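Would you mind keeping the following structure in view while I ask a few things?
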Amino acid sequence: MPASPRISLASAVFDRVLRQARIAGQPEPVDIAIAGERIARIAPGIASDAPSEDLGGRFACAGFVETHVHLDKACILDRCAICEGTLAEAVAQSARAKAGFTEEDVLARAEHVMARAIGHGTTVMRSFCEVDPRAGLRSFDALRALRAAHAHAVDLEICAFAQDGLTQEMETYRLLDAACAAGADLVGGCPYTDPDPARHIALVFDLADRYGLRVDFHLDFNLAPESSNLDAVLRETARRGYGGRVSVGHVTQLSAQPTAAVDRIAARMADHGVALTVLPATDLFLMGRGIDRLVPRGVAPAHRMAELGVTTSIATNNVMNPFTPFGDASLLRMANLYANILQVAQDDAVDRVFAMITADAARLLGRDAHRLAEGGPADIVVLDAPDARTALREIAPTWAGWKRGRPNFRRPPVVLAPPPA
Ligand SMILES: [Zn+2]
């Protein structure tokens with residue numbers, strides 16, 4: 001911890017002390033002292049007359065990291081019809097709906113989802129934002145307003161995103177360029193909707209390269225590995241020296257591959273520095289359509305690939321739209337869903353899955369050291385459970401959260417009524 005005269009004094013120099021917290025790597029409960037926006041001290045029995053709060057042995061962590069959500073097209077079930085439940089239908093339905101989006105409309109729906117996410121302990125978020133002739137820059141402007149209005153609560157990064165193809169509609173490229181110039185944090189593409197996937201990938205990299213941004217692709221979103229575009233992404237990553245700044249989402253084709261093939265792909269992704277995000281709710285909902293028995297799950301085995309060196313995360317993707325007509329933006333629930341689908345049981349594997357919504361997810365975004373530490377930001381989320389693995393197994397409710405030392409939310413615990421007299 002950097003030396004600081006302010007916190008070297010014995011007491012009365014902290015703004016707040018959270019007492020009796022269980023944290024990762026500490027066998028016994030500790031106190032967490034906050035000074036300004038930072039964690040000043042972590043130790044048992046900190047002497048201080050600053051306001052304090054007893055966490056009662058609950059687990060505290062640095063909060064959940066959402067690596068992949070679409071705030072711009074969340075909560076639009078009222079203007080879409082789901083008949084087939086296929087990916088093609090979802091793309092077509094949301095493309096039609098977004099032509100009618102207004103900035104106020106996007107902001108209101110995005111704020112609703114963000115409020116849910118904050119209450120579920122999310123402190124960092126990457127949202128995709130469709131920028132094309134139908135949406136124009138309206139959704140982008142709305143998410144920029146959202147980012148500014150909620151900067152105290154969530155670190156939001158906005159990915160200017162080509163959902164509906166690029167090479168057949170180059171106006172989208174010009175709008176992406178404008179969004180990058182206007183402050184998009186990264187740029188994303190979706191080769192599977194483009195008639196020329198390889199050129200789509202190269203164009204998205206061109207933009208990223210020009211503005212010095214990271215890239216994120218929706219990739220290989222079917223169960224037919226022979227149609228993979230991963231090679232094109234790996235090639236561009238290597239050619240441009242982009243390792244560590246590239247992520248791909250879905251890659252459901254991996255769930256249709258034998259283990260040996262998945263391991264070979266994992267080794268190449270790790271070697272190239274290309275990270276993977278799985279979206280269990282959407283992948284489950286959209287994959288395996290048209291199959292009436294033994295329906296495939298369609299979720300890539302990301303925790304296995306993490307063991308082989310791939311940076312991986314589990315994320316929400318869509319909430320209440322034709323891609324996923326459910327959702328509450330709870331990453332702990334999503335990690336629990338993933339663990340169920342992938343039949344994760346052992347303690348160390350459950351810990352690995354928890355990392356995919358915390359430390360590993362932060363690394364995917366290029367943020368290191370996402371943990372509670374002296375000198376680090378006072379981003380603290382308390383779960384009503386004694387440790388991470390119990391929290392994930394139970395989908396434990398959040399209890400309270402602080403962002404940069406400031407109270408962010410509080411969730412009153414359920415109180416059961418007494419039995420009748
Ligand atoms: Zn997505």
Side-chain angles (χ1 to χ4, degrees), residues 66-76 78-80 90-114 117 124-151 154-194 199-218 247 249 316-323 365:
E66 175 69 78
T67 62
H68 184 138
V69 66
H70 295 260
L71 295 176
D72 56 337
K73 61 181 175 190
C75 307
I76 55 169
D78 58 342
R79 47 194 112 167
C80 296
V91 170
Q93 285 283 314
S94 59
R96 210 186 51 160
K98 77 180 151 188
F101 288 179
T102 65
E103 203 177 315
E104 298 72 30
D105 162 48
V106 173
L107 182 58
R109 290 182 286 100
E111 261 184 333
H112 173 76
V113 176
M114 182 176 260
V124 179
M125 185 181 270
R126 168 182 289 179
S127 177
F128 290 83
C129 182
E130 293 175 25
V131 169
D132 55 40
R134 286 155 295 289
L137 292 169
R138 301 188 304 281
S139 297
F140 179 69
D141 289 339
L143 293 198
R144 280 202 303 167
L146 179 82
R147 181 173 62 185
H150 296 272
V154 171
D155 300 333
L156 174 66
E157 54 179 65
I158 305 171
C159 179
F161 175 53
Q163 168 74 72
D164 300 334
L166 198 50
T167 65
Q168 87 291 4
E169 189 175 55
M170 286 299 283
E171 177 62 13
T172 298
Y173 186 84
R174 287 182 281 280
L175 287 163
L176 286 173
D177 197 340
C180 290
D185 298 291
L186 73 158
V187 58
C190 188
Y192 68 76
T193 56
D194 197 302
R199 180 148 179 265
H200 180 110
I201 290 165
L203 285 171
V204 171
F205 266 106
D206 283 348
L207 273 175
D209 228 347
R210 189 178 320 148
Y211 290 94
L213 305 177
R214 306 170 84 88
V215 289
D216 198 324
F217 291 101
H218 287 52
S247 40
T316 298
N317 199 32
N318 282 290
V319 176
M320 306 287 271
N321 71 16
F323 294 85
L365 299 185

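Predicted model only: the values in this text are computed from it and were never measured.
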task: Please report the closest heavy-atom contact between Leu175 and Pro133, naming both atoms and the distance.
output: CD1-N, 3.7 Å
- prompt: Can you name the nearest heavy-atom pair linking Gly189 to His200, along with the distance?
  reply: CA-NE2, 3.3 Å
- prompt: Looking at NE2 of His150 and CG of Asp155, how far apart are the two atoms once the value is rounded to the nearest 0.5 Å?
  reply: 13.5 Å
query: Is there a donor-acceptor contact under 3.5 Å from the side chain of Asn321 to the main chain of Ala74?
result: no
query: Which value, rounded to the nearest 0.5 Å, describes the distance between Cys180 atom SG and Phe140 atom CZ?
result: 8.0 Å
task: Kindly write out the residues that satisfy side-chain contact (heavy atoms from CB on, under 4.5 Å) with Asp105, not counting sequence neighbours, or none if the list is empty.
output: Arg79, Phe101, Thr102, Arg109
query: Does Arg96 CZ have over 12 foreign heavy atoms under 6.0 Å away?
result: no
- request: Check for a donor-acceptor pair, side chain of Thr172 on one end and backbone N or O of Ala162 on the other, with a separation under 3.5 Å.
  value: no
statement: Heavy atoms of Cys75 and Val113 approach each other most closely as SG-CG2, 3.8 Å
statement: NZ of Lys73 to CZ of Phe323, rounded to nearest 0.5 Å, is 3.5 Å
query: What pair of heavy atoms forms the shortest contact from Asp164 to Ala95, and how long is it?
result: OD2-CB, 3.8 Å
- prompt: Any ion pair linking Arg144 and Asp141 (charged N to carboxylate O, less than 4.0 Å)?
  reply: yes
statement: CZ of Arg210 to CZ of Phe205, rounded to nearest 0.5 Å, is 14.5 Å
message: Quick check for you: to the nearest 0.5 Å, what is the distance between Leu146 atom CG and Glu103 atom CD?
response: 11.5 Å
Euclidean distance, Cys129 SG relative to Arg138 CZ, rounded to 0.5 Å: 10.5 Å
message: Using side-chain contact (heavy atoms from CB on, under 4.5 Å), reason through Ile158 and Arg147 one step at a time and then give a plain yes or no.
response: CA-CA 8 Å; Ile158 305 171; Arg147 181 173 62 185; 3.9 Å; yes
query: Hey, mind stepping through Met170 and Leu203 against side-chain contact (heavy atoms from CB on, under 4.5 Å) and telling me if it holds?
result: CA-CA 10 Å; Met170 286 299 283; Leu203 285 171; 4.0 Å; yes
field: Exercise: identify the closest heavy-atom pair between Asp194 and Leu166
entry: OD2-N, 2.7 Å
task: Mark yes or no for whether Thr193, through its side chain, and Gln163, through its backbone, hold a donor-acceptor pair below 3.5 Å.
output: yes
- prompt: Of Asp185, Leu186, Leu213, Leu143, which is the lone residue that meets side chain to side chain contact (heavy atoms under 4.5 Å, CB included) with Cys159?
  reply: Leu186
message: When you compare the side chain of Leu71 with that of Leu156, does any pair of heavy atoms fall below 4.5 Å?
response: yes
- request: Report yes if the side chains of Glu66 and Val154 come closer than 4.5 Å at any heavy-atom pair, otherwise no.
  value: no
- request: Take Arg126 and Ser247, measure what side-chain contact (heavy atoms from CB on, under 4.5 Å) needs, and give me the verdict at the end.
  value: CA-CA 12 Å; Arg126 168 182 289 179; Ser247 40; 3.3 Å; yes
message: One thing to verify: whether Lys98 and Asp72 come together as a salt bridge, which I'm taking to mean a side-chain N less than 4.0 angstrom from a carboxylate O.
response: no
- request: Please name the pair of heavy atoms, one in Asp216 and one in Gly249, separated by the smallest distance, quoted to 0.1 Å.
  value: OD1-N, 4.3 Å
CA sep, side-chain torsions, deciding dist, call: Arg134, Glu169, side-chain contact (heavy atoms from CB on, under 4.5 Å): CA-CA 11 Å; Arg134 286 155 295 289; Glu169 189 175 55; 2.9 Å; yes
- request: Compute the centroid of each ring, for Tyr192 and then for Phe217, and state whether the two points are separated by less than 6.0 Å.
  value: no
query: Using 30° and 60° as the class limits, which term best fits the ring planes of His218 and His68: parallel, tilted or perpendicular?
result: tilted
query: Which residue pairs pass the ring pair (Phe, Tyr, Trp, His ring centres under 6.0 Å) test with at least one member in residues 166-188, sequence neighbours excluded?
result: none
- prompt: Is any side-chain heavy atom of Asp132 closer than 4.5 Å to a side-chain heavy atom of Glu171?
  reply: no
